[in-house]
Amino acid sequence: MSVISQLEYNEFVINNVVDDDIKLHSESCPSCKKEAVKRVFELCEGSINQYFTFNCKHCGYHSCNQTECDVCEEDHEEALKQYNQSVKSDF
């Protein structure tokens, strides 16, 4: 039985398990139907997870499954601001 060190194990995982290539795909935007870019990548955050971002430069459509995303956060903050304004105007 062969035992490897933590350093050897980590190196093996980085070289053979984690896919550090970012894949870009051209796909039709669900909003405007023009060509958009889907980016697929992996991150290791305790476990290896695959993520995607989908962005259209034509209409600004954005979708992703990231844990943290500046674009999604911005959209959420704007929606919350509009909601709060509508609630204030109702009273």
Side-chain angles (χ1 to χ4, degrees):
M1 182 171 109
S2 174
V3 178
I4 63 173
S5 71
Q6 185 66 47
L7 183 61
E8 291 170 319
Y9 173 79
N10 291 347
E11 186 175 327
F12 175 83
V13 169
I14 289 169
N15 292 332
N16 299 290
V17 178
V18 177
D19 182 1
D20 60 355
D21 291 333
I22 296 173
K23 294 163 185 65
L24 300 176
H25 306 278
S26 291
E27 294 187 15
S28 177
C29 174
S31 181
C32 72
K33 308 300 182 221
K34 294 184 180 178
E35 186 177 301
V37 176
K38 183 175 184 180
R39 178 177 166 247
V40 179
F41 57 99
E42 291 182 348
L43 292 177
C44 186
E45 302 168 315
S47 62
I48 300 169
N49 299 301
Q50 190 174 62
Y51 294 98
F52 76 90
T53 59
F54 190 93
N55 297 296
C56 179
K57 67 180 180 181
H58 303 286
C59 69
Y61 177 84
H62 169 82
S63 177
C64 75
N65 67 342
Q66 297 182 117
T67 307
E68 295 181 24
C69 172
D70 293 339
V71 176
C72 293
E73 186 67 28
E74 220 174 273
D75 291 346
H76 175 72
E77 288 176 8
E78 182 60 32
L80 183 60
K81 181 180 169 183
Q82 290 176 2
Y83 171 78
N84 288 334
Q85 288 174 345
S86 70
V87 170
K88 286 180 185 177
S89 66
D90 289 343
F91 292 102

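Criterion: ILVMFWY side-chain heavy atoms under 4.5 Å apart, direct or through other members. Under it, V37 and V71 are not part of a common hydrophobic cluster.
Once rounded to the nearest 0.5 Å, the distance linking SG of C64 with CZ of F52 reads 6.5 Å. With values rounded to the nearest 0.5 angstrom, K38 atom NZ is found 12.5 Å from K23 atom NZ. In this structure, E77 CD and D70 CG are separated by 9.5 Å, a value rounded to the nearest 0.5 Å. Note: S5 OG to E11 CD = 9.0 Å, rounded to the nearest 0.5 Å.
When all heavy atoms of C56 and E35 are compared, the pair lying nearest together is SG-O, 4.4 Å. Of all heavy-atom pairs between F41 and T53, the closest is CE2-CG2, 4.2 Å. Smallest separation of non-hydrogen atoms from S28 and F54: O-CZ, 3.6 Å. When every heavy atom of N65 is checked against every heavy atom of Q50, the shortest pair comes out as ND2-O, 3.6 Å.
Few gaps surround CD on E8; more than 12 heavy atoms of other groups in view lie less than 6.0 Å from it. Within a 6.0 Å sphere centred on CD of E27, other residues, nucleotides and ligands contribute more than 12 heavy atoms.
Side-chain atoms of Y61 and C32, non-hydrogen and from C-beta on, never get closer than 4.5 Å to each other.
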